[in-house]
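Residues take their numbers from the sequence shown, with the count starting at 1. The figures that follow rest on heavy atoms only: side chains count, while hydrogens, waters and symmetry mates do not.
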Amino acid sequence: MEEGKMGNVATARAVLAILQWWGFNVTVIIMNKWIFQKLEFKFPLTVSCVHFICSSIGAYIAIKVLKIKPLIEVAAEDRWKRIFPMSFVFCMNIVLGNVSLRYIPVSFMQTIKSFTPATTVILQWLVWRKYFEWRIWASLVPIVGGILLTSVTELSFNMFGFCAAMVGCLATSTKTILAESLLHGYKFDSINTVYYMAPFATMILSIPAIVLEGSGVINWLYTYDSTVPALIIIITSGVLAFCLNFSIFYVIHSTTAVTFNVAGNLKVAVAVLISWMIFRNPISAMNAVGCGITLVGCTFYGYVRHLISQQASSPSPRTPRSRLEMLPLVGEKQEN
């Protein structure tokens, strides 16, 4: 009886974790698109900078004031040698996501982001010469095919936004791969990761944002009719971006790897549906099919990766150690 109650509590906790993760993720994406499209605040670097500042403050409060998580101490030398390069790639990932949102619909951007598993595997194979068995490569076929079909049939296609989203996938993959080597020895959780990376990202991005968008932001402040409500929305999006990272930490610790993968792909579907209901961007039938194929491919990839990880943890006596699957790192621990 007690075991049944514990199981129900665990299930309820997992469902709650997934729902709040979906809520924060979809809200941040929709708010960012609203900022660029409805508020006419067409400054993705500045929006990203606001997000990093809010995340820096939020992580400091969570660790230093509320003491939700203990601070993981990092030597000053390691901060520059290890965390700064990660912060640069982290910064590029967020900025490119916001840039793509300015030029292409949320549905298209979210579908392209689902290409990340493929870019991660390809980068590890080309640059790090890692071996992957045929099941991993086979699971990438529907992802690549779905992305191609979606891109060809996208009615609101914009080459600059498409390229920004694709390079953003590469940045996400690079960040995830670098984490294995640069953060070796440090068991970072999401809050500590944001605590160290967000200030560096703010420092990296602030000068380009001022130089490239400063005059445009000042002009917008003088010409936009409802400045105060608009600024509240922009700052709120930054606060919610920090909450999103915290919710990811919660959902990872409340669900299994397979559940996390499936929930992540369903989250994309939810974001696509809600964005279409709000912005009414045209979506053709073939475009929807391409998006569906991509999400199914991502779910299949996660399932295959889970099976291989179980096999690797308890190898058969007939399985040579040298041929064990080297799993790609696709831990989406920071999003915007």
Minimum heavy-atom separation for [X] and [Y], please, with both atom names.
X: E154; Y: P282; value: OE2-O, 4.3 Å
X: S156; Y: I104; value: O-CG2, 4.4 Å
X: C169; Y: T116; value: SG-OG1, 3.8 Å
X: C49; Y: L205; value: N-CD2, 3.6 Å
X: S284; Y: L155; value: N-CD1, 4.0 Å
X: I204; Y: S87; value: CD1-C, 4.2 Å

Determine whether more than 12 heavy atoms belonging to other residues, nucleotides or ligands lie under 6.0 Å from atom [atom1] of [X].
X: L126; atom1: CG; value: yes
X: W34; atom1: CH2; value: no
X: M92; atom1: CE; value: no

From [atom1] ([X]) to [atom2] ([Y]), nearest 0.5 Å:
X: I235; Y: H51; atom1: CD1; atom2: NE2; answer: 10.5 Å
X: N98; Y: F43; atom1: CG; atom2: CZ; answer: 14.0 Å
X: S55; Y: M197; atom1: OG; atom2: CE; answer: 12.5 Å
X: F160; Y: S100; atom1: CZ; atom2: OG; answer: 10.0 Å
X: M31; Y: F24; atom1: CE; atom2: CZ; answer: 12.0 Å
X: E40; Y: T223; atom1: CD; atom2: OG1; answer: 8.5 Å

N/O donor-acceptor pair under 3.5 Å between [X] side chain and [Y] backbone:
X: Q110; Y: A271; result: no
X: N192; Y: L71; result: no
X: R102; Y: P44; result: no
X: S114; Y: L295; result: no
X: K33; Y: L101; result: yes
X: S173; Y: T120; result: yes

How about Y301 and W137: are their ring centroids closer than 6.0 Å?
-> no
How about F157 and F162: are their ring centroids closer than 6.0 Å?
-> yes
Taking the side chain as every heavy atom from C-beta outward, state whether [X] and [Y] have any atom pair closer than 4.5 Å.
X: F279; Y: P105; result: no
X: I191; Y: I68; result: no
X: C243; Y: Q20; result: no
X: Y103; Y: F36; result: no
X: I57; Y: F242; result: no
X: V144; Y: F115; result: yes
X: F84; Y: Y196; result: no
X: K130; Y: W125; result: no

Donor-acceptor side-chain pairing of N281 and S275 below 3.5 angstrom = no
Could you go step by step and tell me if L244 and W21 meet the side-chain contact (heavy atoms from CB on, under 4.5 Å) rule?
-> CA-CA 6 Å; L244 171 60; W21 175 42; 3.8 Å; yes
So if you build clusters from Ile, Leu, Val, Met, Phe, Trp, Tyr with side-chain heavy-atom gaps below 4.5 Å, do [X] and [Y] land together?
X: L140; Y: M166; answer: yes
X: V95; Y: I210; answer: no
X: L19; Y: I30; answer: yes
X: I29; Y: V268; answer: no
X: I143; Y: V272; answer: no

Could you walk me through whether F108 and S151 pass side-chain contact (heavy atoms from CB on, under 4.5 Å), step by step?
-> CA-CA 8 Å; F108 191 31; S151 301; 3.8 Å; yes
Step-by-step side-chain hydrogen bond (donor to acceptor under 3.5 Å, both in side chains) determination, T150 to N287 | CA-CA 5 Å; T150 305; N287 188 264; 5.0 Å; no
side-chain contact (heavy atoms from CB on, under 4.5 Å) between Y195 and K64, worked out = CA-CA 10 Å; Y195 178 87; K64 292 289 192 176; 3.3 Å; yes
Begin with the C-alpha distance, continue with both residues' side-chain angles, and end with the deciding distance and a verdict on side-chain contact (heavy atoms from CB on, under 4.5 Å) for F52 and I94.
-> CA-CA 9 Å; F52 290 137; I94 302 302; 3.7 Å; yes
Describe, in one word, how the ring planes of Y224 and W220 are oriented to each other, choosing from parallel (under 30°), tilted (30 to 60°) and perpendicular (over 60°).
-> parallel
